[in-house]
Amino acid sequence: MAFKSKIKWVALFVLVLSFASLLRHLSIAKYSTVDLVQYSALTAFHNDFDTLSGRQSIPNKKLWEPVKPLQSLQPYANPRSNYPVPNEQSNGFIYAKIFGGFSKIRSTICDLVTISRLLNATLVIPDIQESTRSKGISHRFKSFTYLYDEEQFMASLKNDIIIVKSLPDNLKAARKRNEYPSFRPKNSASPNFYMKEVLPKLKKAKVIGLVIADGGCLQSILPPGMAELQRLRCRVAFHALQFRPEIQILGHRMVERLRAWGQPFLAFHPGLLRETLAYHGCAELFQDVHTELIQYRRAQMIKRGIVHEELSIDSHLRRENGSCPLMPEEVGILLRAMGNKELLDILGPETPLPLNPFQPPPAKSEAQLKEEWKKAGPRPRPLPPPPGRPIYQHEKEGWYGWITETATEPDLSAVDLRMQAHRLIWDALDYIVSVEADTFFPGFNNDGSGWPDFSSLVMGHRLYETASSRTYRPDRKVVAELFNMTRDNVYHPKHNWTLSVQEHLKKSLGEEGLIRQSLLSKPGVFISHPLPECSCRISSAEVPVQVKGNDGRSVHGGEEECPKWMQHGQEVPLESAGEEDKVEDNELSEYGSTLVEQPESNDSDRTNTSLVFDQDDEMDPND
């Protein structure tokens, strides 16, 4: 009994000691949580990276420093003349359906607002067909709000046009019956077209519809008397069109994480879109199934009258002409020539290898071949064909399944439609990161198709917001010539070649690149190069020599002097701007007197897209 009693006391003592230890640890955790650091693999890698790379030092600053000649340019899209608020008694309502991806949507919305101001019309929030409910998006969003902040859009433009979320109830039924006139304008439509063709029907019917599939609905270059409309385009693109809060938060969080390393970062957009590659005939630059996919789309464009060339053309000649994109590997080589040598530090110095180490055996004569045939002996019987195997589900889905089994591309599935809507979100995140990047390098812009492209929109936004940020504007034709010079030794080029690359890329950052961008990009999409209309120069800066094109418009220089409140670092909101520097003119009061008829360009090769969009079944459920 005494032995059992001792065991009980020992067990009780151990239990009390364990309980006291537990209380002690809980107390430590309670009063020292602030000093505890949670371990994660990313944190450890982050600390190791800081130790190895030297967080405070930025290697090769010339790759990241701002472009000094452009530091005097400041964003200035405020009205600068007599700019009345919109008339509450408008001429009617404009509703629109926008087809296309991210770039076409953004460019088209800018044109819609400008047209509404031109016609004194009330704009109904447009329907983005890529994000309608039929595409399987969340029930939380309507088509416009899936991508953009609707309230911000309406509030930011309250002094420019009247915007409503939907048609009045008494007009909705007639729209469902398609009783209102509708138009399918080209992106080269002139202001005269709207004043003479659209405005009379708007006044009569009080409602018109626009179906836009061309990436825009108003010509990019407007008459000089319509400079205020060009500035309105800038206010829409760079101020009113804000992504919805969830997209903005995630996009800026991505930027913060990139900057958290303490090093600048470069954004590169390849621009390898199937439609663009097919339009320019770049299929041969790719391999296997990708070539077939591009060629199939090119055949569709030829059938629809968008492309008037042969199906098979020499893609390498197109590349040398600058009509095909720069490959990511080529961009890396160009940047390495500018001093981005981290890859070389990893690989170490290497000796150039022989150009072609493989040597084929000498050809045999006909007599030798016959002699070998006689001595070969009996031939083995051919093996039977392998047994058939089942086709797995993943082989039936997507592009691989249809291109290997059928000759025609199937209709988009519900998953494909939803993925198209999701792609708008991914493009929006790419846009935020690209605009905020320390350096931006385009892979394919100014392609000559007339459609807005992602890189050009990013470059225009960066030029407007911070003109001195490093944005390369390479000439792909020059780049192709440079690579042809060193194609056999591209990874170990000669010093003269490196100097040539550096010279071209440096020129693309400044005046030469801006002039080229103005000549090639601005005629297609104004917001891709919003100078000089939407910028000004500080008075203390050296004013560059103004350069004009053959049509008399300014392609470089010509910006006005910034107002005093900007030079003193003050901020004036857009809605109160324009009061100081009003000019007594009526250039906006009577558009009819300032219109200059510009001939419609023959864009039938790329605007015959209405055959897919004749159905009118995608409509706002609240209408």
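Values in this document were obtained by computation on a predicted structure and should not be read as measured data.
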Quick one: does Phe286's side chain get under 4.5 Å of Leu272's, heavy atoms only?
yes

Hey, does the side chain of Gln230 reach the backbone of Ser220 with a donor-acceptor pair shorter than 3.5 angstrom?
yes

Can you tell me if Lys201 uses its side chain to pair, donor with acceptor, with the backbone of Ile208 under 3.5 Å?
no

From NE2 (His252) to CD1 (Ile247), nearest 0.5 Å
11.0 Å

Could you check whether Arg259 makes a cation-pi contact with Phe265, meaning its NZ or CZ is under 6.0 Å from the centre of the six-membered ring and within 45° of the ring axis?
no

Is the distance from the ring center of Tyr431 to that of His461 below 6.0 Å?
yes

Pair Leu112, Leu210 - check side chain to side chain contact (heavy atoms under 4.5 Å, CB included), show working.
CA-CA 9 Å; Leu112 280 174; Leu210 298 178; 3.8 Å; yes

Parallel, tilted or perpendicular: which one describes the rings of Phe153 and Phe144, with boundaries at 30° and 60°?
tilted

When rounded to the nearest 0.5 angstrom, what is the spacing between CG in Leu463 and OG in Ser521?
10.0 Å

For side chain to side chain contact (heavy atoms under 4.5 Å, CB included), just list the numbers for Leu171 and Tyr180, CA-CA rounded to whole Å, side-chain angles, deciding distance to a tenth of an Å, and then say yes or no.
CA-CA 10 Å; Leu171 300 176; Tyr180 299 125; 3.3 Å; yes

Anything under 30° is parallel, anything over 60° is perpendicular, the rest tilted; go ahead and classify Phe243 against Tyr148.
parallel

Just by distance, with hydrogens left out, do Arg553 and Ser518 show a side-chain donor and acceptor under 3.5 Å apart?
yes

Give the ring-plane orientation class for Phe454 versus Phe102, where under 30° counts as parallel, over 60° as perpendicular and anything between as tilted.
tilted

When rounded to the nearest 0.5 Å, the distance separating CZ of Phe526 from OG1 of Thr114 is 9.0 Å

Do the non-hydrogen side-chain atoms of Arg297 and Leu293 ever get within less than 4.5 Å of each other?
no

Hey, are Asp453 and Ser456 close enough side-chain-wise for a donor-acceptor pair under 3.5 Å?
yes

Cation-aromatic face contact Arg140/Tyr146, 6.0 Å, 45 degrees
no

Do you see a donor-acceptor pair shorter than 3.5 Å between the side chains of Asn120 and Ser90?
no

Please confirm whether Arg117 makes a cation-pi placement over Tyr83, using NZ or CZ under 6.0 Å from the six-membered ring centre and within 45° of the ring normal.
yes

Side-chain donor/acceptor of Arg318 to backbone N/O of Cys324, under 3.5 Å:
no

Residues Asp127, Arg175: salt bridge by 4.0 Å N-O rule:
yes

Got Leu199 and Asn91 here, is their nearest side-chain heavy-atom distance under 4.5 Å?
yes

Show the numbers, then the answer: is there a side-chain hydrogen bond (donor to acceptor under 3.5 Å, both in side chains) between Ser143 and Thr132?
CA-CA 5 Å; Ser143 66; Thr132 53; over 6 Å; no

Could you go through Arg516 and Asn446, starting from their C-alpha distance and side-chain angles, then the distance that decides it, and tell me whether this counts as side chain to side chain contact (heavy atoms under 4.5 Å, CB included)?
CA-CA 10 Å; Arg516 186 173 180 276; Asn446 299 336; 4.1 Å; yes

Are any of the side-chain heavy atoms of Ile128 and Lys135 separated by less than 4.5 Å?
no

Side chains of Gln517 and Asn445 in contact at under 4.5 Å (non-hydrogen atoms):
yes

As a quick check of understanding, evaluate side chain to side chain contact (heavy atoms under 4.5 Å, CB included) for Phe93 and Val164, giving each step before the final call.
CA-CA 9 Å; Phe93 295 87; Val164 295; 4.2 Å; yes

So among Arg231, Glu228, Arg235, which one has a side chain to side chain contact (heavy atoms under 4.5 Å, CB included) with Asp160?
Arg235

Could you tell me whether the side chain of Glu533 reaches within less than 4.5 Å of the side chain of Arg233, counting heavy atoms only?
no

CD1 (Ile98) and OG (Ser107) are apart, to the nearest 0.5 Å, by 9.5 Å

In the structure I gave you, are the side-chain heavy atoms of Lys172 and Ser166 within less than 4.5 Å of one another anywhere?
yes

So, does Arg473 use its side chain to make a donor-acceptor pair with the main chain of Thr471 at under 3.5 Å?
yes

Do you see a donor-acceptor pair shorter than 3.5 Å between the side chains of Tyr464 and His239?
yes

If you round to the nearest 0.5 Å, how far is CG of Leu218 from OG of Ser190?
8.5 Å

Within-4.5 Å side-chain heavy-atom neighbours: Glu465 and Val435:
yes

